[in-house]
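See structure below.
A note on names: the letters A, B, ... follow the listed sequences, proteins ahead of strands, and every chain is numbered from 1. In what follows, every heavy atom counts, from backbone to side chain, and hydrogens, waters and symmetry copies are set aside.
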Amino acid sequence: MSSEAKCSKPACDKFVAINELAKRRGFFWPSFEIYGGSGGFVTYGPLGTRLKQNIEAKLRELFVKKIGIYEMESSVIAPGKVFEASGHVDHFKEPMVECQNCHGRFRADHLLEEKGISAAEAEKMSLEKTGQELERHGVVCPDCGGKFNPPTRYLTMFETTIGPYQGSVGYGRPEAAQNIFVEFNRLYTTARERLPFGCLQIGHALRNEISPRQGLIRLREFTIADLEFFFDPEEPTCDKLKEVEDEVLPILLCETRLKECQDTTELTVREALDRKVILSEWQAYFMAMAKRLLIELGVPASKQRFLEKLTWEKAHYSSQSFDQEVLVDRWGWVEVSGHAYRTDYDLACHMKASGVDMTVYKEYPNPIESEELTVKPNMAKLGPVYKGEAAKVAALLAKAPAQEVADAMQKQGSYIVDKYEIKADQVDIRTQKTLVRGKRFVPHVVEPSFGSDRLFYVALEYAYGIKDDRVVMSFPRSIAPIQVGVYPLMSKDGLDVKAKEVQSMLACEGFMTEFDETGSIGRRYARADEAGVQLGITIDYDTLKDSTVTIRDRDSWQQVRTPIKDLPKLLHQFFEGKLNFPQLGIIIET
RNA sequence: GCGGUUGUAGUCUAGCUCGGCAGGACAUCAGCUUCCCAAGCUGAGUACCCGGGUUCAAAUCCCGGCAACCGCACCA
């Protein structure tokens with residue numbers, strides 16, 4: 001079918017074209033179709049799964065291998081306590097009211113805010129109180145003036161029961177980050193108790209969206225890549241900053257946004273830090289790396305920007321947040337990653353809720369010497385005098401300010417604590433030298449967090465192109481789901497046998513290959529272009545004579561002639577980016 | 001969740017107003033033929049979103065559900 005005919009309708013944008021292609025060729029499709037489907041769930045097919053794996057591999061290459069970040073994998077379900085402690089149970093529950101007349105739904109707290117009640121106050125209110133306040137202010141439906149039903153809470157986390165006991169609530173994680181915080185102590189031990197260090201978790205997350213309607217952009221179950229990077233707030237220096245300090249970050253600043261202006265400010269990483277636009281060096285570093293990741297996925301720098309989040313847009317845990325956005329055909333700017341400075345919020349919350357110490361110990365370069373006056377009860381003397389009350393007296397003494405006790409002893413020879421008079425010989429007062437070698441503190445965290453499915457979608461959209469009326473998916477060569485297609489020019493005269501040999505050899509060399517012998521050679525090239533197969537190797541009658549093959553490039557449709565024996569080395573270098581296509585052999589003029 | 005639009009093979013779609021054998025294009029598979037950019041011929045398989053109702057007869061009309069798109073709302 002001609003793509004022109006397909007795109008003559010006004011409704012046909014890239015989103016439609018990609019969804020159609022994705023279904024037809026097996027990149028992805030809506031899940032559970034045989035039962036009518038269920039919104040917000042998606043299945044990745046053979047091509048899509050590979051592409052997604054390659055994208056995630058790219059993320060690992062940039063964020064894990066190069067910096068030495070750890071990785072972990074934990075459960076999707078967590079006991080209720082985890083998300084109560086993290087603040088998600090409170091923040092994912094929105095009070096909503098429904099109009100009895102038109103059934104419109106509104107955020108109850110937003111309605112109260114319009115009546116002059118502060119956001120903080122409205123958020124804290126109980127459901128009952130919210131209902132009373134709505135009534136007191138005579139709030140009616142802004143659409144039709146109808147009355148509201150009593151407010152209810154809508155929880156955007158998936159709730160479940162762990163085991164057969166009803167009281168044991170569990171939640172599907174809405175982000176992968178909490179697993180990392182919860183396991184901090186083990187990870188820190190594994191990291192040989194050194195800061196800074198980071199840990200990445202790529203895995204599924206669940207958010208029970210009210211109405212997920214943008215294909216891969218908003219799903220109820222999706223893949224998230226959360227990287228939590230822990231560092232000492234007193235030593236916030238990023239030792240990798242040199243590698244990225246000249247990288248330009250186009251940022252849409254808060255001050256610009258408040259003027260209702262969409263202009264981005266182009267700042268290098270260095271400038272952004274100097275001007276305190278970005279507070280943390282590590283955060284700036286990760287933002288620069290995120291920009292590079294998207295470039296490697298095929299999104300040019302000019303189609304990317306960072307959006308500084310306004311105070312009320314930020315997550316409950318974040319002190320400074322940026323969204324990395326990519327321009328897409330249908331929706332304009334779409335978030336692909338979030339960069340939050342979470343400070344010590346999460347670890348502190350879990351420490352408080354669990355009672356487990358999650359501080360780390362830092363030794364000072366030079367121990368700090370200090371002199372301290374101590375008052376030690378002399379139990380040998382106190383015991384016989386106070387008998388049963390001796391322990392209580394000792395405890396009271398321990399609480400008393402040492403200097404005050406010492407002064408009293410010197411002046412009056414005794415000290416009165418509560419109703420007891422302590423004699424000088426009943427305590428031991430001395431000056432003790434102590435050496436403070438270090439201190440304990442809660443590490444700070446910066447978090448880059450990627451939506452894997454969104455990375456996948458933008459990679460598809462930016463790969464999508466039309467050449468001579470044919471769809472060509474021009475993936476960057478490092479993420480192409482199939483690297484090499486092998487085609488016998490004819491599937492007879494031994495060409496097919498030879499082609500299978502070549503394919504098998506390349507597969508053993510570690511390449512992702514595909515064999516196709518049906519249809520004319522042109523048709524097979526077209527099919528391969530649509531699947532984003534990077535290179536095509538064609539076995540023809542000359543191959544049988546001189547053991548050379550034709551290699552065809554997906555994007556330029558150029559062809560070169562190369563001996564079979566040179567293929568492994570040349571192709572490895574090509575996919576590593578060390579060779580360009582014309583360097584793969586002798587160019588065939590067509 | 002509300003309002004609007006919509007749901008027909010693998011994909012895109014005609015037919016629905018006015019009930020009467022569900023048609024096309026592309027894709028797929030097989031055979032012949034051709035062989036370096038979707039050639040041709042012959043043949044094949046595959047569809048009316050689900051459930052109920054009205055009717056001799058339902059893709060078509062009615063009711064309910066599910067799903068998608070657009071708008072509203074929501075999106076830490």
Side-chain angles (χ1 to χ4, degrees), chain A residues 1-3 5-9 11-13 15-17 19-26 29-41 45 83 86-94 96-99 101-107 110 123 141-144 154 156-157 174-175 207-215 217-220 309 312-318 321 330 335 338 340 449 467-472 487-493 495 518-530 536-542 549-552 554 557-559 561 588 590:
Chain A
M1 92 197 79
S2 93
S3 44
K6 243 184 354 188
C7 287
S8 57
K9 289 177 302 161
C12 185
D13 54 22
F15 177 75
V16 172
N19 278 281
E20 181 266 315
L21 173 74
K23 265 197 241 179
R24 198 159 43 77
R25 295 306 305 264
W29 55 81
S31 303
F32 317 119
E33 282 180 306
I34 66 163
Y35 290 109
S38 179
F41 299 97
F83 290 109
S86 69
H88 284 81
V89 169
D90 286 336
H91 288 86
F92 269 66
K93 253 181 187 167
E94 311 294 359
M96 292 187 87
V97 284
E98 186 180 351
C99 172
N101 181 38
C102 72
H103 301 288
R105 283 184 154 219
F106 304 90
R107 285 275 295 270
H110 290 181
E123 205 168 292
C141 174
D143 286 353
C144 74
Y154 181 75
T156 36
M157 279 196 292
E175 58 169 23
R207 294 182 192 183
N208 203 359
E209 300 280 358
I210 296 173
S211 155
R213 267 195 297 201
Q214 296 164 325
I217 303 297
R218 271 180 76 204
L219 295 168
R220 290 198 165 108
K309 302 289 268 187
W312 56 86
E313 289 174 335
K314 283 185 305 204
H316 59 276
Y317 48 69
S318 176
S321 284
R330 175 173 289 204
E335 180 191 354
S449 169
K467 180 166 172 153
D468 286 4
D469 251 11
R470 290 169 19 176
V471 173
V472 181
Y487 319 113
L489 191 60
M490 308 273 287
S491 73
K492 61 180 184 187
D493 301 331
L495 293 179
T518 62
S520 72
I521 192 68
R523 181 183 297 241
R524 282 177 271 167
Y525 288 154
R527 245 184 233 150
D529 286 345
E530 207 180 46
I537 291 182
T538 307
I539 279 71
D540 57 21
Y541 288 102
D542 290 339
V549 292
T550 303
I551 312 178
R552 169 190 180 269
R554 175 197 62 204
W557 297 359
Q558 269 188 314
Q559 299 193 335
R561 194 83 192 171
I588 301 169
T590 44

Separation of the [atom1] atoms in [N] and [M], to the nearest angstrom:
N: B/G19; M: B/C2; atom1: P; answer: 32 Å
N: B/G43; M: B/C50; atom1: C1'; answer: 34 Å
N: B/A9; M: B/G1; atom1: C1'; answer: 34 Å
N: B/G64; M: B/U28; atom1: P; answer: 43 Å
N: B/A14; M: B/U6; atom1: C1'; answer: 16 Å
N: B/C49; M: B/U17; atom1: P; answer: 15 Å
N: B/U34; M: B/A22; atom1: P; answer: 40 Å
N: B/U5; M: B/G45; atom1: P; answer: 39 Å

By nearest-nucleotide position on RNA chain B, the 5'-leaning member of A/Glu175 and A/Ala526 is A/Ala526
Heavy-atom nearest nucleotide on RNA chain B taken for A/Gly519 and for A/Gly215; more 5' hit belongs to A/Gly519
Could you list the residues that satisfy side-chain hydrogen bond (donor to acceptor under 3.5 Å, both in side chains) with [X], not counting sequence neighbours?
X: A/Arg554; result: A/Gln534
X: A/Arg523; result: none
X: A/Ser491; result: none
X: A/Trp557; result: A/Asp529

Once hydrogens and angles are ignored, does a donor-acceptor distance under 3.5 Å link the base of [N] to the side chain of [X]?
X: A/Gln559; N: B/C36; value: yes
X: A/Arg552; N: B/C37; value: yes
X: A/Asp529; N: B/C37; value: no
X: A/Arg207; N: B/C75; value: no
X: A/Tyr525; N: B/C36; value: yes

By salt bridge (charged side-chain N to carboxylate O under 4.0 Å, His left out), A/Arg218 pairs with (sequence neighbours left out) A/Glu209
Heavy-atom closest pair (A/Arg330 atom, A/Val16 atom, distance to 0.1 Å) is NH2-CG2, 3.3 Å
How many Å lie between [atom1] on [X] and [atom2] on [N], as a whole number?
X: A/Glu530; N: B/C37; atom1: CD; atom2: P; answer: 19 Å
X: A/Asp469; N: B/C26; atom1: CG; atom2: P; answer: 14 Å
X: A/Glu33; N: B/U11; atom1: CD; atom2: C1'; answer: 12 Å
X: A/Arg524; N: B/U34; atom1: CZ; atom2: P; answer: 15 Å
X: A/Asn208; N: B/C75; atom1: CG; atom2: P; answer: 14 Å

Where do N or O atoms of nucleotides 28-33 of chain B meet protein N or O atoms at under 3.5 Å, pair by pair?
from, atom 1, to, atom 2, distance (Å)
B/U28, OP1, A/Arg527, NE, 2.6
B/U28, OP1, A/Arg527, NH2, 2.6
B/U28, OP2, A/Arg523, NH1, 2.9

The residue among A/Thr550, A/Asp542, A/Ile521 that forms side-chain contact (heavy atoms from CB on, under 4.5 Å) with A/Leu489 is A/Ile521
message: I want to check something: taking the side chain as every heavy atom from C-beta on, are A/Glu175 and A/Ser449 in contact at a cut-off of under 4.5 Å?
response: no
**Item:** Short side-chain N/O contact from A/Arg220 to OP1 or OP2 of B/C75, under 4.0 Å
**Value:** no
